[in-house]
Structure formats: structure tokens, C-alpha cells
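Here the structure is a predicted model, which is why all the values come from computation and not from measurement. Just so we're on the same page: letters track the sequence lines, and every chain starts at 1.
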Amino acid sequence: MIEIILIDRLKSAIKFLYKEDISENLIQIQKTRSEFDGDITVVVFPFLKLSRKSPEQTADEIGKYLIENIDVVESYNIIKGFLNIVIKQKFWLKFFEDNHNNESYGKHNSSSVSPVVIEYSSPNTNKPLHLGHIRNNLLGWSVSEIILNGGKEVKKVNLINDRGIHICKSMLAWMKWGEGSSPESTNLKGDKFVGEYYVLFDKKNKEQIAELVANGMDNDEAAKKTDLLNEAKDLLIRWENEDSEVRELWNKMNGWVYDGFDITYDRMGIDFHKVYHESETYILGKKLVNDGVINGVLFKKDDGSVWCNLTDEGLDEKLVLRADGTSVYMTQDLGTAQLRFDEFKPSEFIYVVGNEQNYHFDVLKLILKKLGKSWAEHIYHLSYGMVELPEGKMKSREGTVVDADDLMDEMYNTAKSTSEELGKFNDFSDQEAHELYSMLSLGALKYFILKVDPKKTMTFNPKESIDFNGNTGPFIQYTHARIKSILRKASENNIGSNSKLDYNTALETKETSLIKLLYEYPSVTIQASENMSPALVANYAYELAKEFNQFYHDISILKESDEGKRDFRISLSAFVARTLKSAMALLGIQVPERM
RNA sequence: GGACUCGUAGCAUAACGGAUAGUGCACCUGACUACGGAUCAGGAGGUUGCAGGUUCGAAUCCUGCCGGGUUCACCA
């Protein structure tokens, strides 16, 4: 790594020139911006206190030192306080020679002993998956791959919220009005089928509330006192008491939902090493809560509810167990965390959960610490922003929730019609065409979502998301297909294998900039891993594809008459294609051979 | 109201405290009788919400204000 050498030599330069030891954080190097001449730029302002000279003079002295002490430094120039260093072409060519055939370029060797456990998806079983879940799933999956690529062992886990009052509501509605129907009998996807009963409960419950209000009850009070809600609560108690009738129905309905979820996960390309169910973890949570009460960390109120006092931490009191003894969200999350620690002894626990739950995770960590769990500090909440529509937030009440399956269907149809309009592969079989359309539509969707910084609230514009031009997944997929087309032609004509590098031929500007971009790839993946940000990989892939398209446009590859140059360009193109494929794979996006 | 968070061209977005704030969409003008035009080149479009402060240097850090969002449930 040239950067490491440079930092080291900069230290000795300062020592030599100004007789001072300098701490590494004062050394600022960055990629030279494209409008200036050079490859790497050193910011010299931080050194002025030591040199007691002008920025230009300081930069000049350091530049001279670097030329003498680093053999790959070709020259330098100074603009204001910026020392722009030009690296010799032979350095780039050597890099190219060493790496262009490396199948695992950009992958980092495994180094960790204990795994990173990353939880994502975490659906409730009362509703089908929607756009918000899509961001969660894509992020969780991609971050897992990126961390894995960075050299750590990763365990992807899903925690299905399969118990609780909301499930009881769907169950109750089905018992009352389902008339024994099933996904099979209605020809509905299982999660959609169950979701309808949840909605039905809500509708009927609202009617009851209205009735109570009409009879003079206060609205808030009425919302808590409907017969339906009481019946649902009763079901929950029976469930926690393991009433066999209730459990049987619960199993049946959840089974339907899982069948539905599996179809959606499979289509999205999302998978897990392990799936937890809250129904299996909440009891451990209750046990932890009871231990906490015994230890005096938690306290019980007169009505039997259990609380954690966080006023010393500037927060409020937090309920951890209901008065009727049933558990809440926090209860089971305590249990799940413990279970995960026991099972994996993770170096990090990552929870991919929306930022609306920031408070929940602050509290979760605090309570675990109070309970004496030192590993609580390894919990990291990967808090991502909400997905909004151009009209604003998705509202189930207004029917603006974007369903995951519907969205994928819509994208698929767009990919299909766009491809058919362009009509470039009439020789594809139906199966091949189908695979291509899914690849392109998922590529568009995934890229659209992952290119945005996870922390930020994003706007999902359905119209723009299915645009295949510009900064999009299909643009990158197209670039890959284009390169593959060249490589096919090259191999048909038996050319390209003879890529002996001539170090004395000057490279074209576009060739050098491509090599430099390729050189950055490994550090981009590390940065993405540290920041848990697929967006960095997405933006890199776009830049690389764009750079290649410019190169492709400006310079002949197969038509180049100089065989050495021609073969070098073929190899360079192959290197780009492989890197694009690798970067896109980290995002869960496949790239086609033809499109 | 308290806590947290976000305001960058019409829209969507990028920028370890560094240079003239990048990019895409939309809009206008062009491109090799094509190694794949799902491409490429050019144009227009910005007081980075406002006002102070810290710094050699601020979209970025601090303070205040304005505006949006989330959260403060015996929901998850």
C-alpha cells in the first residue's frame, strides 16, 4: 500500500527537516482531485507550526524529501497548501500485473476468532413485508456480506416476532369470521391471507370503539375496553399458559405466514444462518427480569408490573413485565440478547433496526448493563432511516403501503417491457429471459435502495426506481455485459492472451484512471465494512462503470493495431468486469453476461 | 414540552474539518455509416434553512433561531 509507505516517510521527513516527531493524526493524505495533476495529495497546513515557513515552502521541502526517499514518487506540484504527488507509471503497471488475474481481488483474509452476529429482517407475523422491510433486509444482508468480505466471521440471524398481542388479534379475527378458510382455499399467499385478518380485527374493533363512544364513553378509554380487545388479551394469556387449542391455531397461522415470507425472501435473495422465534426467547427474558428483581436492579410495583428505573441515566422508568405477567418487547429482547451471547460469544452484536427504535436500544443496553452483562457494550444498533414516498410517509390507513411482492412484480414487468423494446436478444429462451428480467429488476431495486447512506431517511420514488439510465443498477449491469461482449469476441478470435506488459509505453489517461480506481477497491470495501455502509460500495461500482464507459468510448480495444496495447486493454477490461461483479455481489446484485 | 435527528439546484443524492460543493433524473445542444446508443460529450441550474462563533480553512464542529421527522405506551 503506497499510502502506508507515504505516511511513514512523511514522519521521517518532518523529523529530518524540522527535528520534530509528529503524531499520525496530523498527517492528512487524500486522493488528488481530478482537476489537479497528481495521484495523492498531502495537506501541509498541519505542519506549518513545526516548519515555521510558508505553506508553499514547507510543501516544497517535503516534496523534495519524498522524491529522494520513495522510489515510486515521480514528481510533485504545489497548489496553495496542497502537495500533489505524482506516482510513477511503473507502480500502477506493477499493481495491474500483480492483480488483474486475481480471482479474489478485494477479498480480505479471515482474521477473527469470534463472530459478528447480525440481526435483520425481524418481521412480525401479522402482516406481509413492505418497502420498509425491503430496506432492512437488503441492508442487513449486504452489510453481512461486506463484513464477511472484510475478513470477519458473520452469523446472519433473523428474529421472528411470532408471539404477542398482535398475533392474537389475527387469530381472534380468523376464529370469529374465518369460517375455516385457508391460503389454499382462497388461493392467497400465506402472509397476505393472515394479514387480512389482522386488518379485519382492526376494522371490527374500531366499530366497537365507535359504539362505546356513542354511548358516552371517552375515546381513549373506549379504545382500551372493547370486547374484542379483551378477548385478544385473553387469548394472549392462554397462549402464555400454553393452552393447547390456542397453540395449535397459532402454529397453523404462523405456518402460513412463514410459507409466504419464504417466497419473498427467496425472491429477494435474502438468507439467514439461524432463525430465532420470540416464542422461544421470551421465557429466558422473563427469567432475567425475575433475577433482576431479586438482585434489586429492577423493581415490582403494587400491581405486579416490573420496571427498571433509569432516571439516574436521564431517562424514565421502563416497563419490562406487564401486571398480568405477560412479557413485552423489551422482555424478550433481553432474553434474545442473552441467548445470542451464550450461543456465539460474539465480538459484536449488530441489530439492523429502524431509527424509530433508537430509544429502545439505548434502554436495552442500559438494562443489560444494570443486570451485570458486560458484553452489552458490544451491542451496536445499525439504525437506518425510514423509507418515505414522494407524497410522504407510508400510511396503512391510507393504503399507501408499498407491498414487497407487488413492488418486485412491478419492477419485473418494467424490466421486461424495457428489454423487449430494445429487443436485443430474441435468441434467449423463455427461461433465460425470465432470469435476465429478474436480475435486472432486482438490480434496479437493490441498487436504488442501497446507494443511499443507511442512516439517512430516503425517498423512494417508484417512477425513478425503475429508470434504468444514469446512476442505477442496470447501468452497471449493462457495463458488465458490454465488457463480456468484448471478451467473448476476443476469445473467439483467440486474442488477448498475449498480455505481456511493456513498461515503457505511456498509458492513456483513461487507462491510468481505470487502474487507479481498481487500486482503490480493497480499501473501499474495508471502509464500507467499518462504516457498515453498502452505499460506499454502490457509489464505487458506479464510478468504476462510468469510468469504463468513458474509456470504452474514447479508446479502441479490439481494433487497436498494436497487439501489446490491444491485449493490455482486453485484460484491463476483464479486470474491471471482475471488480464490478465482485462489488455488485456485495450488494446482492448479480450481473449478466448479456442484456 | 424533554431527548434524539435531518434541512445541499425543480426532484433524488455525494463529499475522514481541506482546493472552484461532485453525481443522476428532468430540461436544452451534440456524437464515431458503432469493439453493444440501457452509451458518450457539452450547456443551463447552488448564498449547502437563517444568524453568530471556533479554525489557516466549515456543508461538516459549537451556540441560538426557523422548518421537517422520530421518540418519550402495560404496541412491537
So, are A:K286 and A:E240 salt-bridged, with charged N and O less than 4.0 Å apart?
-> yes

Between P of B:rA41 and CD of A:E547, the distance in whole Å | 9 Å

Which atom pairs link the protein and nucleotides 55-60 of chain B when you take only N or O atoms and keep those under 3.5 Å?
none

Under the side chain to side chain contact (heavy atoms under 4.5 Å, CB included) criterion, do A:D60 and A:Y76 qualify, and how do the steps go?
-> CA-CA 8 Å; A:D60 192 45; A:Y76 66 90; 2.6 Å; yes

So what does A:K546 touch, heavy atoms closer than 4.0 Å: a base, only the sugar-phosphate, or nothing?
-> sugar-phosphate

Quick one: which of B:rA19, B:rA15, B:rA12 gets closest to the side chain of A:R33?
-> B:rA19

Every protein N/O within reach of nucleotides 27-34 of chain B N/O, cut-off under 3.5 Å:
none

Hey, does A:I557 reach any base, or is it just sugar-phosphate, or nothing, if we go heavy atoms under 4.0 Å?
-> base

Quick one: label A:T459 by what it contacts on the DNA or RNA (base, sugar-phosphate, nothing), any heavy atom closer than 4.0 Å.
-> sugar-phosphate

On the 0 to 90° scale, with breaks at 30° and 60°, tag the A:F45-A:F82 ring pair as parallel, tilted or perpendicular.
-> perpendicular

Can you check whether A:F36 stacks with the B:rA19 base, using ring centres under 5.5 Å and planes within 30°?
-> yes

Say you pick atom C1' in B:rA44 and the same atom in B:rC25; how far apart are they, in whole Å?
-> 15 Å

Nearest heavy atoms of A:S23 and A:N25, plus distance in Å | OG-OD1, 2.7 Å

How close or far is atom C1' of B:rA38 from atom NZ of A:K416, stated in whole angstroms?
-> 18 Å

How does RNA chain B look in dot-bracket form if you count Watson-Crick and G-U pairs under 3.5 Å, write [ ] for pairs that cross, and put | where a base pairs with another strand?
-> (((((((..((((....[...)))).(((((.......))))).....(((((..]....))))))))))))....

Picking from B:rC75, B:rU39, B:rA38, the nucleotide nearest the side-chain atoms of A:I165 would be B:rC75

May I ask you to say what A:L315 touches in the nucleic acid, namely base, sugar-phosphate or nothing, with a heavy-atom cut-off under 4.0 Å?
-> nothing

To the side chain of A:F82, which of B:rA19, B:rU39, B:rA14 is closest?
-> B:rA19

Contact class for A:F475 (heavy atom, under 4.0 Å): base, sugar-phosphate, or nothing?
-> sugar-phosphate

Can you tell me the distance, in whole Å, between the CD1 atom of A:I555 and the C1' atom of B:rU39?
-> 16 Å

B:rC32 to B:rU39 separation - C1' atoms, rounded to the nearest Å = 12 Å

Taking the P atom of each, how far is B:rU60 from B:rG64, in whole Å?
-> 16 Å

Using ring pair (Phe, Tyr, Trp, His ring centres under 6.0 Å) as the criterion, list what pairs up with A:F460, not counting sequence neighbours.
-> A:F448

Would you call the rings of A:F361 and A:Y351 parallel, tilted or perpendicular, where under 30° means parallel and over 60° means perpendicular?
-> tilted

Would you classify A:T41 as touching base, sugar-phosphate or nothing, given that sugar-phosphate means primed atoms plus P, OP1 and OP2, and contacts are heavy atoms under 4.0 Å?
-> base

Nearest-Å distance once atom C1' is located in both B:rU48 and B:rG7 = 9 Å

Could you go step by step and tell me if A:E317 and A:K301 meet the salt bridge (Lys or Arg N to Asp or Glu O under 4.0 Å) rule?
-> CA-CA 12 Å; A:E317 291 179 349; A:K301 288 192 177 173; 3.4 Å; yes

Check: A:S419 side chain, A:A415 main-chain N or O, donor-acceptor pair, under 3.5 Å = yes

Phosphate-side-chain proximity, A:K80 and B:rU20, N/O vs OP1/OP2 below 4.0 Å | yes

Of all the nucleotides listed (B:rU13, B:rC35, B:rA38), which has the minimum atom distance to the side chain of A:S556?
-> B:rC35

At a cut-off of 3.5 Å, list every protein nitrogen or oxygen paired with a nitrogen or oxygen from nucleotides 69-73 of chain B, distance to 0.1 Å.
residue	atom	partner	partner atom	Å
B:rU70	OP1	A:K393	NZ	2.8
B:rC72	O2'	A:D316	OD2	2.7

Could you work out the separation of B:rC40 and B:rU23 based on their P atoms and round it to a whole Å?
-> 13 Å

With side chain to side chain contact (heavy atoms under 4.5 Å, CB included) as the test, would you mind laying out the steps for A:I367 and A:L334 before giving the verdict?
-> CA-CA 8 Å; A:I367 296 180; A:L334 292 168; 3.9 Å; yes

Rounded P spacing from B:rA15 to B:rC72 in Å | 30 Å

Between B:rG42 and B:rC61, how far apart are the C1' atoms? Round to whole Å, please.
-> 39 Å

Assign A:V328 to base, sugar-phosphate, or nothing according to its heavy-atom contacts below 4.0 angstrom with the strands shown.
-> sugar-phosphate

What is the distance from CG of A:N471 to C1' of B:rA38, rounded to the nearest Å?
-> 14 Å

Would you mind reading off the distance between A:N358 atom CG and B:rC4 atom P, rounded to a whole angstrom?
-> 12 Å

So does A:K456 get a side-chain nitrogen or oxygen closer than 4.0 Å to the phosphate oxygens (OP1/OP2) of B:rA14?
-> yes

Taken to the nearest whole Å, CG/A:L536 to C1'/B:rC16 is 11 Å

Does the side chain to side chain contact (heavy atoms under 4.5 Å, CB included) test come out yes or no for A:M458 and A:R135, once each step is laid out?
-> CA-CA 10 Å; A:M458 68 170 290; A:R135 190 177 196 191; 3.6 Å; yes

Atom-pair distance (CG on A:N493; P on B:rC35), nearest Å = 13 Å

NZ/NE/NH1/NH2 to OD/OE distance under 4.0 Å, A:D191 and A:K127 | no

Check whether any side-chain N or O of A:W250 sits under 3.5 Å from a backbone N or O of A:D162 as a donor-acceptor pair, and report yes or no.
-> yes

Length of the line joining A:L321:CG and B:rC75:C1', which is rounded to integer Å | 15 Å

A:N469 side-chain N/O to B:rG24 phosphate OP1/OP2 under 4.0 Å = no

Where along residues 441-453 of chain A does a heavy atom fall under 4.0 Å from RNA chain B?
-> A:V452, A:D453

With rounding to whole Å, what would you report as the distance between B:rG18 and B:rA58 at their C1' atoms?
-> 10 Å

With A:M330, which of A:V320, A:L319, A:L321 fulfils side-chain contact (heavy atoms from CB on, under 4.5 Å)?
-> A:V320

Just checking A:A535: base, sugar-phosphate only, or nothing, at a heavy-atom cut-off of under 4.0 Å?
-> nothing

Under 4.0 Å: is that the gap between some side-chain N or O of A:R569 and OP1 or OP2 of B:rC35?
-> no

How many angstroms lie between atom CD of A:Q332 and atom CG of A:L288, to the nearest 0.5 angstrom?
-> 11.5 Å

Is a side-chain N or O of A:D333 found less than 3.5 angstrom from the main chain of A:Y329, in a donor-acceptor match?
-> no

